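Remarks on the structure that follows.
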Amino acid sequence: MSTLKLGSLLIKTLAKPVANSIKTQAKQHPTFKEFCIGVAQKSHRLEMTLKMNFLGYKKEVIRPLNDARAIESGANFISEAFVFGVAASIIIAENWRSRNKDKNRRNYVDDALESLESRNNELVEKMEYNIKTLQLASERLQQLEEENVHLRNMLDEILSVSMGLKRHTQYEQPAVMGLPGITKD
């Protein structure tokens, strides 16, 4: 992160000597000189037209700049445009990097949340299954305890009768279903 900021500061710093080099090249090379004059004349016309329109002056004929002033003005415009372009591209690159970083972070968080939600759903299903299993086991345990109490009572009675501690009593006989055609003797 800090390396990127140092790199962008280095690029901005290096852009200034390049801009100064553009100014000196405008004075030395004839084709670049003509280009600078054309840029300066167009920007001068645009500037003067806007001033007249906004300040309410009547329209006049705009005189062109002389060549020396046009070369200087055009070179300044191009060098400042270069520095501005470098700064703007650094800002755009940083913005793009920041968006990608945020997008990656959001994707990671979304994936983590999705994973946690699926894990939570699995655990909820397991917990519901375990609760049902526990309820069934509890019901079966209750049934076994009731049967155990019934058997203990029967065993106590049998032992009491066999040891002569108690008289024999009639147990409730379970209801026997009669089959058609078969009689009980």
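Small disclaimer: the values here were computed from a predicted structure and weren't measured.
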Supply the atom-to-atom distance [X] [atom1] to [Y] [atom2], rounded to the nearest 0.5 angstrom.
X     : Y     : atom1 : atom2 : result
Trp96 : Ser89 : CH2   : OG    : 13.5 Å
Lys33 : Cys36 : NZ    : SG    : 10.0 Å
Lys23 : Gln28 : NZ    : CD    : 14.5 Å

Keeping [X] on the side-chain end and [Y] on the backbone end, is there a donor-acceptor pair under 3.5 Å?
X      : Y      : answer
Gln41  : Leu65  : yes
His44  : Arg63  : yes
Ser162 : Ile158 : yes
Ser79  : Ala75  : yes
Ser98  : Glu94  : no
Ser43  : Val39  : yes
Asn104 : Asn100 : yes

So if you build clusters from Ile, Leu, Val, Met, Phe, Trp, Tyr with side-chain heavy-atom gaps below 4.5 Å, do [X] and [Y] land together?
X     : Y     : answer
Tyr57 : Ile62 : yes
Phe35 : Phe77 : yes
Met52 : Leu55 : yes
Val18 : Ile90 : yes

*Is Lys27 salt-bridged to Glu72, cutoff N-O under 4.0 Å?*
yes

*asked:* Looking at Asp102 and Arg99, is there a salt bridge between them, counting it only when a charged N and a carboxylate O are closer than 4.0 Å?
replied: no

*What pair of heavy atoms forms the shortest contact from Val83 to Ala19, and how long is it?*
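Smallest interatomic distance, heavy atoms only, reads CG2-CB, 3.7 Å.
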
Show which side-chain atoms of residues 109-125 pair as donor or acceptor with protein atoms under 3.5 Å away, not counting sequence neighbours.
{"from": "Ser118", "atom 1": "OG", "to": "Glu114", "atom 2": "O", "distance (Å)": "3.4"}
{"from": "Ser118", "atom 1": "OG", "to": "Ser115", "atom 2": "O", "distance (Å)": "2.8"}
{"from": "Asn121", "atom 1": "ND2", "to": "Glu117", "atom 2": "O", "distance (Å)": "3.4"}

*asked:* Before you tell me yes or no, could you show the steps for Ile131 and Glu128 under side-chain contact (heavy atoms from CB on, under 4.5 Å), namely the whole-Å CA-CA distance, both residues' side-chain angles and the distance that decides it to 0.1 Å?
replied: CA-CA 5 Å; Ile131 287 172; Glu128 289 172 353; 5.6 Å; no

_Lys51: partners by salt bridge (Lys or Arg N to Asp or Glu O under 4.0 Å), with sequence neighbours left out_ =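 For Lys51 the salt bridge (Lys or Arg N to Asp or Glu O under 4.0 Å) partners, ignoring immediate neighbours, are Glu47.
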
*With sequence neighbours excluded, what pairs up with Glu34 under the salt bridge (Lys or Arg N to Asp or Glu O under 4.0 Å) test?*
none

_Check this for me: Phe32, atom CZ, are more than 12 non-hydrogen atoms of other residues, nucleotides or ligands nearer than 6.0 Å?_
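Buried by this count: over 12 neighbours within 6.0 Å.
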
*Is there a side-chain contact (heavy atoms from CB on, under 4.5 Å) between Lys42 and Leu46 once you walk through the steps?*
CA-CA 6 Å; Lys42 287 178 185 173; Leu46 179 64; over 6 Å; no

